[in-house]
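The figures that follow rest on heavy atoms only: side chains count, while hydrogens, waters and symmetry mates do not.
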Amino acid sequence: MMRTPAVVLVLALAGRASVHAQSLSERVAAVREGAVMFHFAPRAGVCGDGAHFIRFGHSYMGEYRKDYVSSECYAGPVVVRISKMNGEIDRVEAWVGPVRNQEGRDLGVISASSAAKYLMDVARTVPGRAATKAILPAVLADSAVIWPALLEIARDTRTRDRSTRQDAAFWLSRFAAGAIAGKPNQILDDEDRTGEEDLKTHAVFVVSQLPHSEGVPMLLDAARTTRNLSVRTAALFWLGQTGDARALDLFETLLRK
């Protein structure tokens, strides 16, 4: 039976609507073997070269070389590439910067909130290194509120490995630092400090190196009561390295305010 142009147009539009109605999870799940990519808007202040490094404020992630400091740093998008084997997620990679031609199915632009939700679901459920690697791009997603999911992961000693829990706790500490600085749902970047503040934050570091979590009570006290913001954020940073349940409780308290 021949179809009229109008019928063909309706069917084409219906097909497009069906694709767009699918969740990101469903679209990734449809790829059984190989790689799938998507990209989305980053938080303010996040940039990268699309291949080697991601920069956030003064912090570099990924590869670091001196010549990268003078390299062009592009403000997005965040690009995620997920490799799959036998229908299961095997690897998660992320970059910030121009989208490069890579092998795999490209899903195109995704909303930052949808991408962050999907990536945190991966971090909560997928075993091994892929779960850990899913956290960073979720953190970088523009305006996404992910700290409740990070907290759940950091506390999940039953199904999440140590590396994934540590990554979650680290980023929780950064969001908590943003909260005490009056910047809710933002990651507080390192700021320039005076010499006196450097000495105080070094003292916090020394406390953090005490064995057997002996320094945790002092770090908790500094994070709660010290007036100096640099000292408080330093204490939160080192608490984020401990994985201590008391530190996670403090992060939750600060983030719920």
Side-chain angles (χ1 to χ4, degrees), residues 23-25 40-46 54-59 61 76 78 80 92 94 96 110-126 129-191 208 216 219-220 222-224 226 229-257:
S23 68
L24 177 57
S25 178
F40 52 92
R43 292 179 182 275
V46 174
I54 298 171
R55 192 177 78 200
F56 184 73
H58 299 95
S59 302
M61 291 161 277
V78 181
V80 174
V92 177
V96 175
I110 305 295
S111 76
S113 59
S114 295
K117 181 181 183 303
Y118 170 73
L119 289 164
M120 292 312 298
D121 285 343
V122 171
R124 278 199 305 249
T125 60
V126 171
R129 188 167 174 78
T132 308
K133 289 295 186 179
I135 292 177
L136 174 59
V139 167
L140 300 179
D142 184 35
S143 303
V145 180
I146 65 168
W147 71 260
L150 289 172
L151 186 64
E152 178 184 341
I153 292 167
R155 285 175 169 162
D156 184 2
T157 57
R158 186 175 63 86
T159 72
R160 299 298 85 193
D161 63 27
R162 187 167 181 264
S163 177
T164 305
R165 297 198 310 273
Q166 283 183 326
D167 248 40
F170 169 76
W171 290 111
L172 275 171
S173 76
R174 298 298 81 206
F175 281 115
I180 66 171
K183 300 176 181 179
N185 198 40
Q186 294 186 43
I187 306 165
L188 193 67
D189 181 39
D190 290 333
E191 298 177 354
S208 75
V216 169
L219 291 174
L220 290 168
R224 288 190 183 109
T226 304
L229 181 61
S230 294
V231 173
R232 291 187 74 188
T233 56
L236 289 170
F237 174 86
W238 292 112
L239 284 169
Q241 311 297 307
T242 67
D244 193 285
R246 293 167 292 180
L248 299 180
D249 290 342
L250 174 61
F251 298 156
E252 181 177 16
T253 298
L254 295 173
L255 288 164
R256 289 197 184 280
K257 283 186 177 179

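Within the 4.5 Å cutoff, no side-chain heavy atoms of D244 are placed close to those of L239. Looking only at side-chain heavy atoms (C-beta outward), P42 and D142 stay at 4.5 Å or farther from each other. Residues I187 and R174 have side chains in contact (heavy-atom distance under 4.5 Å, counting atoms from C-beta outward). Contact check for L150 versus R155: no side-chain heavy atoms found under the 4.5 Å cut-off. Proximity of F237 to F170: side-chain heavy atoms (C-beta onward) are separated by under 4.5 Å at one or more points. At least one side-chain heavy atom of L172 sits under 4.5 Å from a side-chain heavy atom of L255. A heavy-atom distance below 4.5 Å is found between the side chains of L236 and L254. Annotation: side chain of L119 is in contact with side chain of F40 (closest heavy-atom distance under 4.5 Å).
A side-chain donor-acceptor contact under 3.5 Å links R43 to the backbone of A144. Under the 3.5 Å distance criterion, the side-chain polar atoms of T233 are matched with a main-chain donor or acceptor of S230. Looking at S59, its side chain never comes within 3.5 Å of a backbone N or O of R55 through a donor-acceptor pair.
Residue R165 holds its CZ atom at 11.5 Å from CD1 of I153, rounded to the nearest 0.5 Å. From L248, atom CG reaches atom CD of E252 across 9.0 Å, with rounding to the nearest 0.5 Å. A distance of 9.0 Å separates CG in D161 from CD in Q166, rounded to the nearest 0.5 Å.
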- For side chain to side chain contact (heavy atoms under 4.5 Å, CB included), just list the numbers for I54 and L136, CA-CA rounded to whole Å, side-chain angles, deciding distance to a tenth of an Å, and then say yes or no. CA-CA 10 Å; I54 298 171; L136 174 59; 4.2 Å; yes
- Message: Apply side chain to side chain contact (heavy atoms under 4.5 Å, CB included) to residues W147 and E152 and explain how you reach the verdict.
- Response: CA-CA 9 Å; W147 71 260; E152 178 184 341; over 6 Å; no
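The minimum heavy-atom distance linking A169 with G240 is given by the pair CB-O, 3.6 Å. Here the shortest heavy-atom pairing between A223 and L250 reads CB-CD2, 3.7 Å. Of all the heavy atoms in V92 and A130, the pair that sits closest is CG2-O, 3.7 Å. Nearest heavy-atom pair, A115 versus I110, reported as atom, atom and distance to 0.1 Å: N-CG2, 4.0 Å. The heavy-atom pair separating A116 from A141 by the smallest distance is CB-CB, 3.8 Å. Here the shortest heavy-atom pairing between L188 and A181 reads CD1-CB, 3.9 Å.
Looking at D167 and R160, no side-chain N of the basic residue comes within less than 4.0 Å of a carboxylate O on the acidic one, giving no salt bridge. Using a cutoff of 4.0 Å between basic side-chain nitrogens and carboxylate oxygens, D121 and R124 are scored as salt-bridged.
Looking only at atom types and distance, the side chain of T159 has a donor-acceptor partner in the side chain of D156 under 3.5 Å away.
Atom CZ of R246 has more than 12 neighbouring heavy atoms from other residues, nucleotides or ligands inside a 6.0 Å radius.
Between F251 and F175, the ring centre distance reaches or exceeds 6.0 Å.
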